[in-house]
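Being a predicted model, the structure only gives us computed values, none of them experimental. The first residue in the sequence is number 1, and the count goes up from there.
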Amino acid sequence: GDDGDGAEMEAASATPFWDEGITGKGQVVAVSDSGLDTDNCYFWDSEREVSKDDVGTVDMENRKVVQYFTYADDLDEDGHGTHCAAIIAGHKSVDGKTETDGMADGIAKDAKVAFFDLGRWGPLSQAGRKASTTIPADKGQVLDVGASVGAKIHSASWGGRGGSYNQMARQFDQLLHLDPDMLLVVAAGNTGYDGYKGEFDVPQSMLSPAISKNVLSVGASNAPGNGDGIDVIAYFSSRGPTPYDSIGPHVIAPGNEIESAGASPTEMGECDSANVLKGGTSMACPAVAGTAALARQYFMDGFSPTGEMTEGDQFTPSAYLLKAVLINGGQAMSGVDNVSFKKPSQPYDSNQGFGRVSLLQSLPLRGQNWINALVKDREVVEDGATMTYEVTIDTENRCTMTEMRATLVWVDPPGTDGCTKCLINDLDLLVTETESSKMYFPNGRRSPDTDNNVERVIVTTPKHGDKFTISVTATNLDREEQEFALIVTGCITYEGDRADLGTPLAGSRSTNSGSTKLTGSLMVAAVALLTSLSLVMKD
């Protein structure tokens, strides 16, 4: 749109981040799943065969798949893994060389994939062949895929029983605590509906490791055009809270009736005719992982803090900053689509957590939105100390965001098996309006949060000139200091602010309602929810 003086900015495009050059380029996303059909046109490289082995051979020159670890086998007969990986990073190429726009291009279409195959099928001679999911006893083996090529986002659309803070949840919390740059995005599960009992809204039905503290857990909404669309949670999406009473799932993304690449192991170069529709939190999870890859590229290419690529602003974000970004912009859902009836839902409840991911509400992007952000990564607070950040509301420019949001995230040490109060290091986020001394506590509470290592405050209607102090207090640590990330968004200014939001425009619009489309081209159609791959594979 024309952004000259007095001219109105056009509404953001359907693919705002792609249009600004943020397509996942330079990012490698790790995926653990049933397998990957590497010669499907969304992954096929006709000039370089994918190295498939159990030693982790890497080929960064391959068009899409740079590593394929054959833990279970080396193919995808079910199609679950191919579908999920394409949602993240599929990019169509009919000849395996030249890329074109495809119906099932992924969210981060120019990212590459490192794959860990954990799906195994019975012998061809076996009657009633079934798929099984094989998870290594050493969970670190899963997260090692892509490590040598800098894959710091891992998508896991699988899980097991999550009724307590169990060994799997603890192991992943330990691994992520040791590697705070690794973001593990996990599907919450499809057990929000109990088909045997005919029971909707099953509480505490999230699987493990989605219940881990340091992951980003993902529930599913309907797809655009399906019922009430992306603003309602799908009936099957697993519900929180976690067994230790923290918020879950963290975020929501479209996951019901999603079109993506299909697997045809006996064909080479199969393309859109092989696409299939699947539904589940399995599909929502890679949508968020792909979005995280866009956010990671945003920071690594130097788009923060100005919203424009700026030389000298490049940095590599921590996983907890990416988690904070995605949670900070979460949009409120209107309810749960329980097929024959709709159940109300509010932010922070056991259905939606922090709401539907919307990257355009999470990060400034000049030419696509007019918001500002204060971003702090790898900040360090000492036990008992408080760090403060001052912001002032400025609406006398193009900024159209009516809310101010602040989100704090840190990586917590693992709890003990079976713990019911599992938070080890307790940081507290508090937002205070300077003039009135009004205090805003996080996560919809009226007092400090002692259960979550994710805390968000939304000030709904700040006025021009209002001043706020955002404080982070290390209330109780098991060590001398704790690292954290903080993002604040809104019509804000702060010391050192370099963003230029220009002069006001006539007829400007609020950006709070969110783009009606998740960044990328998730293709959808109205068909019935497909059946699951297995009891633990969440499709």
Side-chain angles (χ1 to χ4, degrees), residues 80 133 156-166 168-169 185-213 215-223 226-228 230-258 278-285 288 330 332-356 418-420 422 443-444 451-452 528-539:
H80 187 278
T133 308
S157 290
W158 50 267
R161 193 171 57 208
S164 66
Y165 185 79
N166 54 24
M168 184 185 290
V185 186
V186 187
N190 301 329
T191 47
Y193 171 72
D194 186 332
Y196 295 105
K197 298 179 180 179
E199 180 184 347
F200 288 93
D201 303 309
V202 179
Q204 289 197 323
S205 50
M206 289 171 60
L207 304 185
S208 183
I211 59 171
S212 299
K213 293 182 285 186
V215 305
L216 180 62
S217 58
V218 184
S221 75
N222 285 346
N226 175 7
D228 287 335
I230 59 175
D231 288 324
V232 293
I233 298 128
Y235 72 94
F236 56 77
S237 185
S238 288
R239 310 294 205 274
T242 68
Y244 49 96
D245 210 30
S246 71
I247 293 171
H250 288 120
V251 293
I252 304 291
N256 193 1
E257 301 167 5
I258 302 297
K278 288 179 178 285
T281 59
S282 281
M283 285 69 244
C285 172
V288 173
M333 312 287 288
S334 63
V336 182
D337 180 4
N338 278 337
V339 188
S340 61
F341 68 99
K342 183 176 174 180
K343 175 189 172 183
S345 175
Q346 292 81 36
Y348 314 113
D349 71 13
S350 60
N351 306 300
Q352 64 173 283
F354 295 93
R356 175 179 55 81
C419 60
T420 54
C422 299
N443 300 346
D451 299 311
N452 292 279
L529 179 68
L530 300 187
T531 55
S532 63
L533 168 63
S534 72
L535 288 176
V536 294
M537 203 56 126
K538 298 182 299 198
D539 170 31

Spacing of [X] atom [atom1] and [Y] atom [atom2] [to the nearest 0.5 Å]:
X	Y	atom1	atom2	value
T281	I252	OG1	CD1	9.5 Å
C422	K213	SG	NZ	6.0 Å
R356	S221	CZ	OG	7.5 Å
R239	I233	CZ	CD1	7.0 Å
H80	T133	NE2	OG1	8.0 Å
E257	M283	CD	CE	12.5 Å

**Item:** CA sep, side-chain torsions, deciding dist, call: F354, N443, side-chain contact (heavy atoms from CB on, under 4.5 Å)
**Value:** CA-CA 8 Å; F354 295 93; N443 300 346; 3.3 Å; yes
Under 3.5 Å: donor-acceptor pair, side chain of [X], backbone of [Y]:
X	Y	result
Q204	G240	no
S334	D231	yes
N338	D201	no
S217	P249	no
S208	G162	no

Side chain to side chain contact (heavy atoms under 4.5 Å, CB included) involving [X] - partner list, sequence neighbours excluded:
X	answer
D194	Y196, K197, E199, V202
Y193	F200, Y235
D337	N222, V232

Please give me the minimum heavy-atom distance between [X] and [Y], naming the atom from each residue.
X	Y	result
G159	P209	CA-CD, 4.2 Å
I247	N452	N-OD1, 2.8 Å
V185	C285	O-SG, 3.3 Å
I230	P254	CG2-CG, 3.8 Å
P241	S246	CB-O, 3.4 Å
F236	A220	CE1-CB, 3.8 Å

**Request:** Go through the structure and list residues passing salt bridge (charged side-chain N to carboxylate O under 4.0 Å, His left out) with D451, not counting sequence neighbours.
**Result:** K421, R445
**Prompt:** Cut-off 3.5 Å, side chains only: do S238 and T191 have a donor facing an acceptor?
**Reply:** yes
**Prompt:** Do any pairs count as a salt bridge (Lys or Arg N to Asp or Glu O under 4.0 Å) and have a residue in residues 240-254, sequence neighbours left out, and if so which ones?
**Reply:** none
**Set of residues satisfying side-chain hydrogen bond (donor to acceptor under 3.5 Å, both in side chains) with respect to S205, sequence neighbours excluded** =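 Counting only residues at least two positions away or on another chain, S205 forms no side-chain hydrogen bond (donor to acceptor under 3.5 Å, both in side chains).
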